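Everything on this sheet refers to the single structure shown next.
Sequential numbering from 1 along the given sequence is applied to the chain's residues. Remember, predicted model here, so these are calculated numbers, not experimental data.
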Amino acid sequence: MEVLAELFSFKIILFAFRPIVAAILIYLYWITSKERNEYFFITIFFLLLTSIFIISESQLFLVLGLAGIIVHRTLLIVYIVKLNKVKDFIPILIAVIPFIFIFSYLLSISDGIPEGSYYALLVQNILVSILGGVILSNYFMNETTNTPWLSIFGVLSVGLYFTVFIEKLFLNNLPPTYFRPLGMILYVTSYFAFYKFVIDAEKLNANEKESIEQIS
């Protein structure tokens, strides 16, 4: 429904159904998870708010949506680090470098940056680069408790941001129906992958805790 709404620019359907994506994730996590971690609910709640705000063309709602995205991505990074029990941040800093380089280069050569949006885009670039670095470093450094769903989420979420970034700054003269259906597909599939990663990570952590208790 969301992909079709984006394809034909049906605003009413977008307002009605886009928040449902986050609501379904919350429901799935509630009935599936044994931990029901508050971090998940808070992170997805900000996703829900953001998904509502960015649909509107009101300047106030766009600012609120941008602030919500920043908070959401920050919580996302903290939550992934917490689930993976990251202690060594040096690999993350190294893994962040290629993402920072790519997005900084694209930002520097763009001449279609909306007025007053440069620093907001810079913050978004940094957050997405950190998210990509966390996921990339986990893939190489955390083999014992690695779950493929985190890598899938990383590829899809970075792909989503890259698609939106290119559309807004380089191809904004094209009709939105060229990219927004693809963006919606990446949006839905990436957050389903995130939900699956959280469930797998909780199971892995619970099994590890149980094994330690049995040994002790």
Side-chain angles (χ1 to χ4, degrees), residues 2 14-15 17-30 33 35-86 89 92-93 95-96 99-100 103-104 107 113-114 116-138 149-150 153-154 156-165 167-169 180 183-184 186-198 201-202:
E2 280 296 292
L14 287 173
F15 271 111
F17 284 92
R18 183 175 286 185
I20 291 179
V21 175
I24 289 174
L25 287 175
I26 292 173
Y27 172 73
L28 286 173
Y29 181 73
W30 178 263
S33 173
E35 291 189 19
R36 294 178 178 174
N37 194 304
E38 61 185 11
Y39 272 98
F40 183 91
F41 295 110
I42 295 172
T43 302
I44 301 301
F45 176 73
F46 274 96
L47 176 67
L48 188 151
L49 291 180
T50 301
S51 66
I52 297 172
F53 290 146
I54 62 175
I55 300 173
S56 173
E57 296 179 358
S58 165
Q59 187 64 31
L60 174 61
F61 273 33
L62 289 175
V63 171
L64 290 174
L66 183 60
I69 290 172
I70 292 172
V71 174
H72 166 69
R73 288 207 171 107
T74 303
L75 290 171
L76 203 61
I77 293 166
V78 172
Y79 189 28
I80 292 172
V81 168
K82 178 178 167 58
L83 280 173
N84 285 336
K85 301 177 181 178
V86 177
F89 291 90
I92 294 176
L93 294 175
V96 164
F99 294 100
I100 286 284
F103 287 121
S104 297
L107 187 62
I113 301 174
S117 300
Y118 179 82
Y119 291 105
L121 285 170
L122 186 62
V123 172
Q124 293 289 350
N125 285 355
I126 292 171
L127 288 175
V128 173
S129 297
I130 294 172
L131 179 62
V134 168
I135 294 170
L136 184 62
S137 64
N138 178 80
W149 286 109
L150 181 58
F153 168 67
L156 293 174
S157 58
V158 173
L160 170 61
Y161 182 72
F162 186 78
T163 300
V164 174
F165 192 86
E167 178 204 356
K168 297 295 184 185
L169 299 188
R180 291 186 182 176
M184 182 53 62
L186 292 172
Y187 171 75
V188 174
T189 52
S190 64
Y191 280 102
F192 178 76
F194 174 70
Y195 151 75
K196 294 291 290 183
F197 153 68
V198 171
E202 288 182 351

Are Lys196 and Phe153 packed together at the side-chain level, in the sense that at least one heavy-atom pair is separated by less than 4.5 angstrom? no
Within-4.5 Å side-chain heavy-atom neighbours: Leu131 and Ser157: yes
Leu150 vs Asn84 side-chain heavy atoms within contact, under 4.5 Å: yes
Ring-plane angle category for Tyr191 and Phe194, please: parallel below 30°, perpendicular beyond 60°, tilted otherwise. perpendicular
Distance (rounded to the nearest 0.5 Å) between Arg73 CZ and Thr43 OG1: 13.0 Å
Output for pair (Leu48 CG, His72 NE2), nearest 0.5 Å, gives 11.0 Å
Nearest 0.5 Å, what's the CD-CG distance between Gln124 and Leu127? 6.0 Å
Show your working on ring pair (Phe, Tyr, Trp, His ring centres under 6.0 Å) between Phe40 and Tyr29 and close with a plain yes or no. CA-CA 8 Å; Phe40 183 91; Tyr29 181 73; 4.0 Å; yes
Which heavy atom in Pro19 sits nearest to a heavy atom in Ser51, and how many Å separate them? CA-OG, 3.9 Å
Quick one, Ile126 and Ile100 - any side-chain contact, counting heavy atoms below 4.5 Å? yes
Return the OH to CG distance between Tyr39 and Leu76, rounded to the nearest 0.5 Å. 13.0 Å
Residue pair Val128 / Phe162, side-chain heavy-atom distance below 4.5 Å: no
Taking C-beta and beyond as the side chain, do Tyr27 and Trp30 meet within less than 4.5 Å on heavy atoms? no
Candidate list Val21, Ile24, Leu25, test side chain to side chain contact (heavy atoms under 4.5 Å, CB included), partner Val188, passing option: Val21
How close do Gly154 and Ile135 get, heavy atom to heavy atom, and via which atoms? CA-CD1, 3.4 Å
Considering all heavy atoms, the nearest Leu160-Gly183 contact: CD1-O, 3.2 Å
d(Thr74 OG1, Ile130 CD1) to nearest 0.5 Å is 8.0 Å
For Phe89, I'd like to know if atom CZ has over 12 heavy atoms of other residues, nucleotides or ligands within 6.0 Å. yes
Which label fits Tyr161 and Phe103: parallel for a plane angle under 30°, tilted from 30 to 60°, or perpendicular past 60°? perpendicular
Would you mind reporting whether Ile80 and Phe197 have side-chain heavy atoms less than 4.5 Å apart? yes
Between Gly68 and Thr50 the two heavy atoms that sit nearest each other are C-OG1, 3.2 Å
With rounding to the nearest 0.5 Å, note down the distance linking OG1 in Thr163 to CG in Leu156. 10.0 Å
